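Accompanying notes for the structure given below.
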Amino acid sequence: MNRVDFSWTAALSDLDFGRWNEPLRSGLRIVLILLAAWLAARLLQRLVRLMNARFSQRLEGDAVRRAHTINRVARYLIGIVVGALAAMTVLAEVGISLAPILGAAGVVGIAVGFGAQSLVKDYFTGFFILFEDQLRTGDVVEIAGIGGLVEDMTLRHVRLRDYDGNVHFVPNSLITTVTNRGRNFAFSVADLRIAYREDLDEVCAVVREVAAGLRADERFAARILEDLEIAGVERWDESAVTLRVRFKVAPLAQWEVRREFLRRLKRAFDERGIEIPYPHLTVYAGAGKDGGAPALPLGIRRQRAPDAANA
């Protein structure tokens, strides 16, 4: 036992603690740097969330969604900036000079910039989309030929979910035109097909009556902002006169209002005997060189079934 104790004592006495002090202190500083970076990122992101919650209490409508969008992007940027600063500080602590790295990064950045122009364009486009308030989370939009609900947006891409539940990730560099269907207000447009034999004045009276009843319903009173607007006869089709009408509604309420309006209008038309026409076709035999139209004889021929005795 004494021999073993003596060997450990000799080994400890041979250690050069002065040589290990600096690596230990450097490792401890690296741990502290990473811990401080993590705490700083969490605190800054929490501060952004608290500010967003405080401002959201004073905002209304679309401004709330814009505040949430800015909040998400700000937290994303905080993570990137704090992580980059922590990485550079750790490299400096290890003894790696940052000047050559930054110089090489500039050269590599130029090379990568030519090879990854779409990536750089994603970030620039995403910044201006956010700065100009073109999109917000919760909007229903159409971008790059894809329509859906904006679930998330960053400086890199926009995440959309369509009506079927499919999720689309659209890079910001592909966004050239934004069609926003939920900004401030919307119009719920309906084209009504009416038979030629119907009195349009009577039809318009029935349409206004149904629209007034819909707006008086407490379920839709807050969604319909103005009375029904009848634009008039839109066109003459082969079998019907098309009447165009529209409601001014709250954002994203246009589809629900239109469906309920058409449902009630169908019932009202049935009660009043107003025909919703089927497509039909007028057949004629053509015209001769003299402008006269020859007769087109049509007849129905019925053939009797053979008797059982003659079969």
Side-chain angles (χ1 to χ4, degrees), residues 62 139-150 160-166 168 176-287 291-296 298:
D62 293 338
D139 285 347
V140 176
V141 301
E142 182 175 348
I143 54 176
I146 301 174
L149 176 70
V150 179
L160 297 178
R161 186 179 297 273
D162 62 20
Y163 188 76
D164 295 328
N166 302 317
H168 305 271
T176 56
T177 302
V178 176
T179 302
N180 197 322
R181 306 184 188 278
R183 185 60 58 87
N184 299 328
F185 64 89
F187 285 109
S188 182
V189 182
D191 288 336
L192 311 178
R193 292 169 52 84
I194 311 299
Y196 277 97
R197 66 180 178 84
E198 301 296 342
D199 183 0
L200 289 182
D201 292 335
E202 179 187 356
V203 172
C204 290
V206 175
V207 170
R208 288 192 178 93
E209 180 182 341
V210 173
L214 179 62
R215 192 178 185 191
D217 191 333
E218 60 181 8
R219 295 178 301 167
F220 296 91
R223 303 175 190 178
I224 301 177
L225 304 180
E226 294 181 2
D227 292 335
L228 179 73
E229 175 187 347
I230 299 180
V233 177
E234 181 67 16
R235 61 185 179 272
W236 291 353
D237 295 325
E238 291 88 351
S239 59
V241 177
T242 300
L243 189 68
R244 174 161 292 185
V245 300
R246 71 178 184 178
F247 286 99
K248 184 177 181 179
V249 298
L252 305 183
Q254 56 265 42
W255 301 287
E256 186 176 4
V257 170
R258 183 177 183 272
R259 295 188 187 102
E260 180 64 17
F261 174 65
L262 293 179
R263 186 188 71 83
R264 296 189 182 200
L265 197 61
K266 171 63 168 60
R267 183 176 59 188
F269 280 2
D270 291 342
E271 293 174 352
R272 307 293 178 88
I274 298 175
E275 180 184 358
I276 302 175
Y278 294 98
H280 61 268
L281 183 66
T282 301
V283 180
Y284 68 99
L296 180 64
L298 294 176

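No hydrogens, no waters, no symmetry mates; every other heavy atom, side chains included, goes into these values. These numbers come from a predicted model, not from an experiment.
- Annotation: side chain of Q254 is not in contact with side chain of V140 (no heavy-atom distance under 4.5 Å).
- No donor-acceptor pair under 3.5 Å is formed between the side chain of E198 and the backbone N or O of Y196.
- Look at R223 and E260 and you find no salt bridge, because none of the NZ, NE, NH1 or NH2 atoms lies under 4.0 Å from a carboxylate O.
- Using modelled atom types, one side-chain atom of R215 and one backbone atom of L225 make a donor-acceptor pair closer than 3.5 Å.
- Put simply, CD1 on I230 and CG on L192 are 8.5 Å apart, with the number rounded to the nearest 0.5 Å.
- In terms of modelled atom types and a separation under 3.5 Å, the side chain of R161 and the main chain of G148 share no donor-acceptor contact.
- Note that CG of D199 is 11.0 Å distant from CD1 of I194, once rounded to the nearest 0.5 Å.
- Contact of the T179 side chain with the V141 side chain is not registered, since no non-hydrogen atoms from C-beta on lie closer than 4.5 Å.
- At a threshold of 4.5 Å between non-hydrogen side-chain atoms, the residues R193 and S239 count as touching.
- The distance from atom CD of E142 to atom CG of L160, rounded to the nearest 0.5 Å, is 10.0 Å.
- Between D162 and I146, the closest side-chain pair of non-hydrogen atoms is not below 4.5 Å.
- The pair R235-D237 meets the salt-bridge criterion, with a side-chain N (NZ, NE, NH1 or NH2) lying under 4.0 Å from an Asp/Glu carboxylate O.
- For the pair V207/F261, a side-chain contact is recorded, criterion being any heavy-atom separation below 4.5 Å from C-beta on.
- Between P277 and A240, the closest heavy-atom pair is CG-CB, 3.4 Å.
- Rounding to the nearest 0.5 Å places CG of L228 at 10.5 Å from CZ of R246.
- Of all heavy-atom pairs between G182 and P251, the closest is O-CB, 3.5 Å.
- Side-chain atoms of D164 never come within 3.5 Å of backbone atoms of N166 as a donor-acceptor pair (strictly under, hydrogens ignored).
- Side-chain contact between F187 and V249: absent, with no pair of heavy atoms (C-beta onward) separated by less than 4.5 Å.
- Nearest approach of R264 to G213, heavy atoms of both residues: NH1-O, 3.5 Å.
- Separation of atoms CZ (R181) and CG (L149) is listed at 13.0 Å; rounding is to 0.5 Å.
- With rounding to the nearest 0.5 angstrom, the CG atom of D217 is 8.5 Å from the CD1 atom of I224.
- Side chains of L243 and C204 form a contact here, defined as non-hydrogen atoms less than 4.5 Å apart.
- With D270 as reference, K266 is the one residue of K266, R272, R267 to meet the side-chain hydrogen bond (donor to acceptor under 3.5 Å, both in side chains) rule.
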